[in-house]
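Along the sequence shown, the residues carry numbers beginning at 1.
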Amino acid sequence: MSETPQNESTDSPDFESMTRDIAEVPAVEVIVTVAVNLMSAAAVKLGLTEEGEKHKDLDEARKLIHALAGLLDAGATEVSSFHAAPLRDGLKSLQLAFREASLIPDEPGQGPGEKYTGPVYG
């Protein structure tokens, strides 16, 4: 005799509703939201949060910063400068923080995301 959970409808996601919600969100908002999430995750992995060293992982930070740079490079023509400028500033700050946190800094142009942004100097 199998039992069905009483709250099955509240436990499982409503994919139709989620799809409808996403369909109503402009592409620019999705791009900016993803970029902000990448920035936040990179800041945590760089140890820039209150707990600092506890979550510091430069290998993970490198990947996140590189992905952010690629997204901003690809999406630059799709978002206005109103949105792009602060995202680029945030990216550069993360790249500089990465350079500072590295025991052996990458050569200029070889740091995370610099393939897309060009060399970042501190």
Q. Rounded to the nearest 0.5 Å, how far does CG of L58 lie from CZ of F98?
A. 5.0 Å
Q | Pairwise salt bridge (Lys or Arg N to Asp or Glu O under 4.0 Å) hits with a residue in residues 25-42, at least two apart | A | none
Identify every side-chain donor-acceptor pair in residues 88-95 under 3.5 Å, counting partners at least two apart or on other chains, and give the distances.
| from | atom 1 | to | atom 2 | distance (Å) |
| --- | --- | --- | --- | --- |
| S93 | OG | D89 | O | 3.1 |
| Q95 | NE2 | P112 | O | 2.9 |
| Q95 | NE2 | T117 | OG1 | 3.2 |

**Q.** Set of residues satisfying side chain to side chain contact (heavy atoms under 4.5 Å, CB included) with respect to S40, sequence neighbours excluded
**A.** V36
Name the atoms and distances for all side-chain donor-acceptor pairs under 3.5 Å in residues 49-56, with sequence neighbours left out.
| from | atom 1 | to | atom 2 | distance (Å) |
| --- | --- | --- | --- | --- |
| E51 | OE1 | H55 | NE2 | 2.9 |

(Q) Quick check: is Y116 connected to I31 through a chain of hydrophobic side chains (ILVMFWY, heavy atoms under 4.5 Å apart)? (A) no
Q) Side-chain contact, heavy-atom cut-off 4.5 Å: D21 with V25? A) no
Q. For L96, what are the other residues in its hydrophobic cluster, where any two members join if their side-chain heavy atoms are less than 4.5 angstrom apart?
A. V120
Q: Return the minimal non-hydrogen interatomic distance between V79 and A84, and the atom names on each side.
A: CG2-CB, 3.9 Å
Q: Walk me through it: do H83 and V28 pass the test side chain to side chain contact (heavy atoms under 4.5 Å, CB included)?
A: CA-CA 8 Å; H83 294 292; V28 170; 3.5 Å; yes
**Q.** Min side-chain heavy-atom separation L87-M39 under 4.5 Å
**A.** yes
Side-chain polar contacts of residues 59-70 - donor-acceptor pairs under 3.5 angstrom, sequence neighbours left out - could you list them?
| from | atom 1 | to | atom 2 | distance (Å) |
| --- | --- | --- | --- | --- |
| D59 | OD2 | K63 | NZ | 3.4 |
| R62 | NH1 | D106 | OD2 | 3.2 |
| R62 | NH2 | D106 | OD1 | 3.1 |
| R62 | NH2 | D106 | OD2 | 2.8 |
| H66 | ND1 | G113 | N | 3.3 |

Q: Measure the CD-CZ distance between Q110 and R99 for me, rounded to the nearest 0.5 Å.
A: 9.5 Å
Q) Where do S81 and P86 come nearest, in terms of heavy atoms and distance? A) O-CD, 4.1 Å
Q | Neighbour count above 12 (heavy atom, 6.0 Å) for E107 CD | A | no
